[in-house]
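Take a look at the structure below.
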Amino acid sequence: MAETQASHRGRLTTHVLDTAHGRPGMGIGVALYRLDGDRRTLVTETRTNADGRCDAPLLAGDDFRPGTYELVFATGAYFSTAGVVLTDPPFLDQVPIRFGIAHADQHYHVPLLISPWSYSTYRGS
């Protein structure tokens, strides 16, 4: 019983900060994939809210399990909509972050700090 309850505590969240403009990355498309060998399966798609966060965890409950995942952020469309003049093709159009979940009972937070020319991430809390 304790193992089942522990699996429900884990969750995956993200948020995006637009470091070029000093504000949350609002309206950015986010896709989450689960990777199993050569197989890449779409788990969910969403958009960031006015605070640069998703309204709900990307993974939680029974869907949250150890494995390799990839978040893909549609940053080119975001910066284009924000009026940033981008090259064709944009230097950063789709930003993928591949990461592993090892513990089903932990919170994994994967933030993205983005500009049209650079990005960084870390495991947040």
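These numbers come from the heavy atoms of this one structure, side chains and all, not from hydrogens, waters or symmetry mates. A quick note: this is a predicted structure, and the numbers were derived from the prediction, not measured.
Exactly one of R123, R9, R11 qualifies for a side chain to side chain donor-acceptor pair (under 3.5 Å) with H107. That residue is R11.
Between C54 and T48, the shortest heavy-atom distance links the atoms SG-CG2, 4.5 Å. The two atoms that bring R34 and Y69 nearest to each other are NH1-OH, 2.6 Å, heavy atoms only.
Ring orientation note: the planes of F64 and Y108 are tilted relative to one another, at an angle of 30° to 60°.
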Residues 22-33, side-chain donor-acceptor partners within the protein, below 3.5 Å, at least two apart:
none

If you look only at distance, which donor and acceptor atoms sit under 3.5 Å apart when one is on a side chain in residues 110-119 and the other is two or more places apart or in another chain?
| residue | atom | partner | partner atom | Å |
| --- | --- | --- | --- | --- |
| S115 | OG | W117 | N | 3.1 |
| S115 | OG | S118 | N | 3.1 |
| S115 | OG | S118 | OG | 3.2 |

Show me the donor-acceptor pairs, under 3.5 Å and distance only, between side chains in residues 70-85 and residues at least two apart or in other chains.
| residue | atom | partner | partner atom | Å |
| --- | --- | --- | --- | --- |
| E70 | OE1 | R40 | NE | 3.0 |
| E70 | OE1 | R40 | NH2 | 2.7 |
| E70 | OE2 | R98 | NE | 3.4 |
| E70 | OE2 | R98 | NH2 | 3.1 |
| T75 | OG1 | L92 | O | 3.4 |
| T75 | OG1 | D93 | O | 3.3 |
| Y78 | OH | D18 | OD2 | 2.6 |
| T81 | OG1 | A77 | O | 2.9 |

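In this structure, the side chains of R53 and T13 stay at 4.5 Å or more apart for every pair of heavy atoms. Considering only heavy atoms from C-beta on, L59 comes within 4.5 Å of V43 through its side chain.
The 12-atom threshold is exceeded at CZ of F99, counting heavy atoms of other residues, nucleotides or ligands nearer than 6.0 Å.
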